[in-house]
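In what follows, chains are A, B, ... by sequence order, proteins preceding strands, each numbered from 1. Note that the structure is a prediction, hence the values are computed from the model and not measured.
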2 protein chains.
Amino acid sequence: MLNNSHYIDKLRSSGLRPTKQRIKICEILFNTEKTFHFTINDLVKKISKATNDKISLATVYNTVHAFKKKGYLKEIPINSDQSYFDTNTSHHHHFYDENQKDLIDIDDSDVEPVKINTRIPGKKIKSVEVLVKVEDINS
Amino acid sequence: MLNNSHYIDKLRSSGLRPTKQRIKICEILFNTEKTFHFTINDLVKKISKATNDKISLATVYNTVHAFKKKGYLKEIPINSDQSYFDTNTSHHHHFYDENQKDLIDIDDSDVEPVKINTRIPGKKIKSVEVLVKVEDINS
DNA sequence: TCAATAGTTTAGAACTATTATAATGTAGAA
DNA sequence: TTCTACATTATAATAGTTCTAAACTATTGA
Ligand SMILES: [Mn+2]
Ligand SMILES: [Mn+2]
Ligand SMILES: [Zn+2]
Ligand SMILES: [Zn+2]
């Protein structure tokens, strides 16, 4: 609503036209102190609450994928019925609570550096991510 | 075909009736020196090649889930359009080749022990898995 | 300023992995 | 052998995601 010029610049400099749908999604994803994890369905709900102008589901998917491609979002590797995305694009790791089906950040400083002593010829490492699955103690 | 008594015992002692479908799937999954990764679709293809008796898709899903529940298979956390399973149930990690969409084991001894210096109250750790995404060097 | 153009949004259909259903079949117990 | 709980099966249903193609719009440059 207020200070969108930042998002407009960011989008334009990424080669993405600053449409009102993209700006709205930027507000929802990035206008917050804390980063968070979300599914497409979560985001659709947030959009509904935040505005009366509907954004089509296809546009939500398109935008999330565009933002991921530009590095403004990360996708979290997890087996689930839906994809999880992360507004925290810094290097960090996750707990996955299998009871609550909830993701919780693990700060990079809380994980000893992961050292991989083997490589694959002709391939370069894109990311190294630790997933810690947790469950209720009485399970 | 030959020495199925081992699988029959294993199934029976797990509380699973040793049906011919389950025995056949055991042969395909466990009659090999090397462990491997597979999708449900991969397994269906292997079954087609291995036998003329068809096994229904529902049974393949049911069996894989039953074996996973009993700890004879692991599911690998990865974002993909389909689930990946692993006949290697020991503690190890993975490369995921994003070009070939291929999983490669990383022996536990090739990864420095992953130390997590934070916990979630009321939760216990079920697994700690490292996923190393790789891609072609010229990407 | 204002068409031309390339990029974007959209509703809805299509796709596809997975799960549910409910009828039929079968292993194991008695 | 008979009974029953468990298992298999074909098929339908579900649901997340992607595709399509028509309508719309931000940007460019004449
Ligand atoms: Mn899935
Ligand atoms: Mn998926
Ligand atoms: Zn995160
Ligand atoms: Zn493996």
Please report the distance, rounded to the nearest Å, between [atom1] in [X] and [atom2] in [N].
| X | N | atom1 | atom2 | answer |
| --- | --- | --- | --- | --- |
| Lys70(A) | dT8(C) | NZ | C1' | 14 Å |
| Asn79(A) | dG16(D) | CG | P | 16 Å |
| Lys101(B) | dA17(C) | NZ | P | 13 Å |
| Ile40(A) | dT18(D) | CD1 | C1' | 12 Å |
| Asp9(A) | dT27(D) | CG | C1' | 16 Å |
| Leu11(A) | dT27(D) | CG | C1' | 15 Å |
| Arg12(B) | dT26(C) | CZ | C1' | 13 Å |
| Asn41(A) | dA15(D) | CG | P | 11 Å |

- Message: Listing request: all salt bridge (Lys or Arg N to Asp or Glu O under 4.0 Å) pairs with a residue in residues 53-73 of chain A, at least two apart in sequence or in separate chains.
- Response: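 Every salt bridge (Lys or Arg N to Asp or Glu O under 4.0 Å) pair that includes a residue of residues 53-73 of chain A, provided the two are not neighbours, is Lys68(A)-Glu75(A).
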- Of all residues at least two apart in sequence or in a different chain, which pass the side-chain contact (heavy atoms from CB on, under 4.5 Å) check with Asn99(B)?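 Once residues adjacent in sequence are excluded, the partners of Asn99(B) under the side-chain contact (heavy atoms from CB on, under 4.5 Å) criterion are Lys123(A), Asp97(B), Glu135(B), Asp136(B), Ser139(B).
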- Message: The criterion is side-chain contact (heavy atoms from CB on, under 4.5 Å); which residues satisfy it with Lys20(B), sequence neighbours excluded?
- Response: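 Residues passing side-chain contact (heavy atoms from CB on, under 4.5 Å) with Lys20(B): none at all.
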- Which residues satisfy the side chain to side chain donor-acceptor pair (under 3.5 Å) test with Ser90(A), sequence neighbours excluded?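 With sequence neighbours excluded, Ser90(A) shows a side chain to side chain donor-acceptor pair (under 3.5 Å) to Asn88(A), given in chain and number order.
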With a cut-off of 3.5 Å and sequence neighbours excluded, list every side-chain donor-acceptor pair involving residues 110-122 of chain B.
from, atom 1, to, atom 2, distance (Å)
Glu112(B), OE2, Asn117(A), ND2, 2.9
Asn117(B), ND2, Glu112(A), OE2, 3.0
Arg119(B), NH2, Ile116(B), O, 2.6

- Treat primed atoms plus P, OP1 and OP2 as sugar-phosphate and everything else as base, then score nucleotides 4-9 of chain D 5' to 3': B for base contact with protein heavy atoms under 4.0 Å, S for sugar-phosphate contact only, - for none. -BBSSB
Is there a side-chain polar atom (N or O) of [X] under 4.0 Å from OP1 or OP2 of [N]?
| X | N | result |
| --- | --- | --- |
| Tyr61(A) | dT18(D) | no |
| Ser83(B) | dT18(C) | yes |
| His65(A) | dT18(D) | yes |

- Task: Given side chain to side chain donor-acceptor pair (under 3.5 Å), test His94(B) with Asp86(B) step by step and report yes or no.
- Result: CA-CA 11 Å; His94(B) 294 96; Asp86(B) 199 339; 3.0 Å; yes
- Task: Check the pair Asp105(A) / His92(A) against side chain to side chain donor-acceptor pair (under 3.5 Å), numbers first and verdict last.
- Result: CA-CA 7 Å; Asp105(A) 275 358; His92(A) 68 287; 3.0 Å; yes
